[in-house]
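The chains referred to below are lettered A, B, ... by the order of the sequence lines, with proteins before strands, and numbering in each begins at 1.
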Amino acid sequence: MPTATKTVAVTGNQAVAEALRQINPDVVPAYPITPSTDIVQRFSEFVNNGEVDTEMILVESEHSAMSAAIGASAAGGRVATATSSQGMALMWEMLFIASGYRLPIFMALVNRALSAPLNIHGDHSDGMGMRDSGWIQLWSENAQEAYDNMVMAPRIAEHMDVRLPIIVCLDGFIISHSIESMKYLPDEEVKKFVGEFAQLNPLLDTDNPKSIGALVLPDYYMEHKRAQHEAMLKVKKVVQDVSAEFAKLSGRKYEIFETYRLEDAEVVLVSLNSAAGTIKDEIDRYRDKGIKAGLLKPRLFRPFPYEEVGAALKNAKAVCVMDRADSFGGYGPMFMEIASALYPHKGPVLFNKIYGLGGRDLMPLDVDQVIDETVEVAKTGKVKMVKEYITVRN
Amino acid sequence: MSTTQEKPMTLKSLSHKKDLLTGGHRMCSGCGAPIVLRQVLLAVENPVVLTNATGCLEVSTCLFPFTAWRVPWMHSAFENSAATASGIETMYRALRKKGKIKKEMNFIAIGGDGGTYDIGFQSLSGAMERGHKMLYICYDNGAYMNTGIQRSSATPFGADTTTCPAGDVVPGKPQRRKDLTRIMAAHNVAYAAQASPHNWKDLITKVKKALAADGPSYMGIIAPCNRGWRCQTNDAIQLSKLAVDACFWPLYEVEGGKWTINYDPKDKKRPIKDWLKPQGRFKHLFAPGNEWMLEKFQQGVDADWESLKKLQEAFGR
Amino acid sequence: MKQMNWKELPHAGTILDAGNAHTYKTGSWRSLKPRWIEENCIQCLFCWIYCPDSSVMVKDEKMTGFDYDHCKGCGVCAMECPGKKGAKAIVMEEEGK
């Protein structure tokens, strides 16, 4: 029986800050960057008004934010932070160290474009840029999902089979700054759900001194990496288990990816985060016209559930993968994953659209054009351009 | 601060302490850095946690599956020893507030001059400004020795390094070194000092003061590198003493805004060439036609020394 | 020493045996070897405080000899040894002599 919840009208940032307040981490090192600044500001208010026990470290850069997070987590407690875009880029070096040291830090990534040209609006370049850093990635369509993912994040990261850092992505401005109706869980329920955390081999256990961060030469480096890979292999099941437990608590059920009218779909769009909302509306309209359209929206992007995604898409006739980020000189980052997921299958014809960079809107009509083209591809089996930008002036 | 009268510190009394840095590390024969670190650890009384920037000391003391450290130790990257330590220190305060940790602890961040003066400068400045109760120690050998003797902003004027080689047109490093200890003092830290391993009593006393200080503290400690300085493997203590006697590396401390020179050689002040001469990295300064370099070096040292004395006059006891 | 496989590695590669480098011998690096001449030793312990390799053994406040498993033969101890009346208590000799 789902627990009592409170319905509120809040922004995505507000919802994430609220989840962090309820989790009450031991330490939050943070640095302001648009559009995630608001999370840090709100959390600072919680700290200064005594609503959390957290010690904040108001660092002088994102590099130091992640460095301090690594130190604090290894010292022996729960650590959270938030960032966006250039901040994530500046953290990049330390992201690999957080995962290499198996530190279950959790972080909100309010997705924003990377410079140049300078742009503060939403796209997924930051999240895609760090996808190989060994962090678990959960993506969120709206404020509710961002909040729910954040509440689940420590449980997933801290699971003894996992012990890896985790990031919860939400779209900059579109979600971070828009007010939506959503539901909060009661404080006590969140506290109970996330539980207590005990770090493995904490540095502050000075009676048992240990050395963290040795130089590892070619004789051992691959063994370390293989052990890290093993932890990633365990993540999927943990995400499923934690999500199932969360569903009992909240009544909101999450899978490793969401499918929308996908079962019998012949033309399928694949999209992350907020664009999925618009796409679902348009799919409904096409369904009304008798076109078998559907959507697959990944939630767990790292580790990527190749087998399950492949099985879910293999019966479609055409799939258009919509990427809100580009890999210059390559296909869009999600397209590459979907193509990999489908390689064991004969499967559908695939193509790739790059949309929404730097906060460019994706309107219902834009989605319609994509669906129309997918219908055409399904009919002819032919793709004009494997990868092309949409909503761009020619 | 302890109120009881403490016994005078002697090597005999110190020798009862267990070495917290064991032999079996892979620092070069005759390296100054482990001498410095052994002395630093002799000063520590509370449980201590160390962070170490990437560098010679880090790679040579903790090479998987071996560690030479008998205290909790962490390395994460090159430029962030101070930021990493600030995370550890903050978690300590968070857990202490919650009653999960009861004991007093000390936190020491370590970096070489590259990891401190250059790439770690921002992280150090931020940590000092935020007021974490930690001691940052820079063991200063005046170049990126770990990567093969490249110039840093701590490299002295004229030095021959692999990235400012003594060439026909550019005779070594054209710039003077950055005076980081004074920059740290300008952060209004609780305690800032310079020390040298030849004067172990001064060094250990300063570490004790720094750890007892109510706030962040910084120490710059000269650490001769016989590979980079191109001197003999048995020179580390002699050259650190000469650096002090020539006033290239004055021993001083800034405590709550008060400047104190701990050792003034007065009429025994040695000319800088006495310190430069045994070092191969300065060989070209003694070549005919380069007399101006020796003069310029001496003038810089003298100017710094005079201004330090003025600071003591103005802000001393 | 048998190398661990990836399943045997400690979690996150953390080294739990603090100070285990002591089992790693660096004595073979030496080309010169310090020799202690006890009758010239005034027990000032300079050799101990200045040794980079924690290789001067001290017991009950007295120097008792060298840890040749770890001494790299740098010669700092001999250089700093004040000796007795000008006669050094530590001299460096060629290894293997």
Residues C/Cys51, B/Ile35; criterion side chain to side chain contact (heavy atoms under 4.5 Å, CB included); working and verdict: CA-CA 6 Å; C/Cys51 177; B/Ile35 307 177; over 6 Å; no
Under a 4.5 Å heavy-atom cut-off, does chain B meet the side chain of C/Met4, its backbone, both or neither? side chain
Between atom CD1 of B/Ile204 and atom CD1 of C/Ile49, what is the distance when rounded to the nearest 0.5 Å? 4.5 Å
Looking only at C/Cys44, C/Gly75, C/Pro52, C/Cys71, the option with the highest number of non-hydrogen pairs under 4.5 Å against chain B is C/Pro52
Any donor-acceptor pairs between chain C and chain B, under 3.5 Å? If so, list them.
| unit_1 | atom_1 | unit_2 | atom_2 | d |
| --- | --- | --- | --- | --- |
| B/Lys12 | NZ | C/Gln43 | O | 2.8 |
| B/His16 | NE2 | C/Glu61 | OE2 | 2.6 |
| B/Leu21 | O | C/Ser54 | OG | 2.8 |
| B/His25 | O | C/Lys72 | NZ | 3.0 |
| B/His25 | ND1 | C/Lys72 | NZ | 3.4 |
| B/His25 | NE2 | C/Pro52 | O | 2.9 |
| B/His25 | NE2 | C/Asp53 | OD1 | 3.3 |
| B/Arg26 | NH1 | C/Tyr24 | OH | 3.2 |
| B/Met27 | O | C/Lys72 | NZ | 2.6 |
| B/Ser29 | OG | C/Lys72 | O | 3.4 |
| B/Ser29 | OG | C/Cys74 | N | 3.4 |
| B/Arg38 | NE | C/Ser54 | OG | 3.4 |
| B/Arg38 | NH1 | C/Trp48 | O | 2.7 |
| B/Arg38 | NH1 | C/Cys51 | O | 2.6 |
| B/Arg38 | NH2 | C/Trp48 | O | 3.1 |
| B/Pro65 | O | C/Asn20 | ND2 | 2.9 |
| B/Thr67 | N | C/Asn20 | OD1 | 2.6 |
| B/Thr67 | O | C/Gly19 | N | 3.4 |
| B/Thr67 | O | C/Asn20 | N | 3.1 |
| B/Thr67 | O | C/Ala21 | N | 2.9 |
| B/Trp69 | O | C/Gly19 | N | 3.0 |
| B/His198 | O | C/Tyr50 | OH | 2.4 |
| B/Thr233 | OG1 | C/Cys74 | O | 2.7 |
| B/Asn234 | N | C/Cys74 | O | 3.4 |
| B/Gln238 | NE2 | C/Glu80 | OE1 | 3.1 |
| B/Gln238 | NE2 | C/Glu80 | OE2 | 3.0 |

Quick one: of C/Val58, C/Leu45, C/Leu32, who has the most non-hydrogen atom pairs under 4.5 Å with chain B? C/Leu45
Here the pair of heavy atoms bringing C/Phe46 nearest to B/Leu11 is CD2-CD1, 3.7 Å
Would you please name every residue forming a side-chain hydrogen bond (donor to acceptor under 3.5 Å, both in side chains) with B/Gln194, sequence neighbours left out? B/Thr181
Checking B/Leu42 against chain C: side chain, backbone, both or neither under 4.5 Å from a heavy atom? side chain
Please classify the contact between C/Leu9 and chain B as side chain, backbone, both or neither, with a heavy-atom cut-off of under 4.5 Å. side chain
In terms of heavy-atom pairs under 4.5 Å with chain C, which of B/Cys28, B/Cys31, B/Pro65 leads? B/Pro65
Flag the one option from C/Gly19, C/Gly27, C/Gly13 with the top tally of heavy-atom pairs under 4.5 Å to chain B. C/Gly19
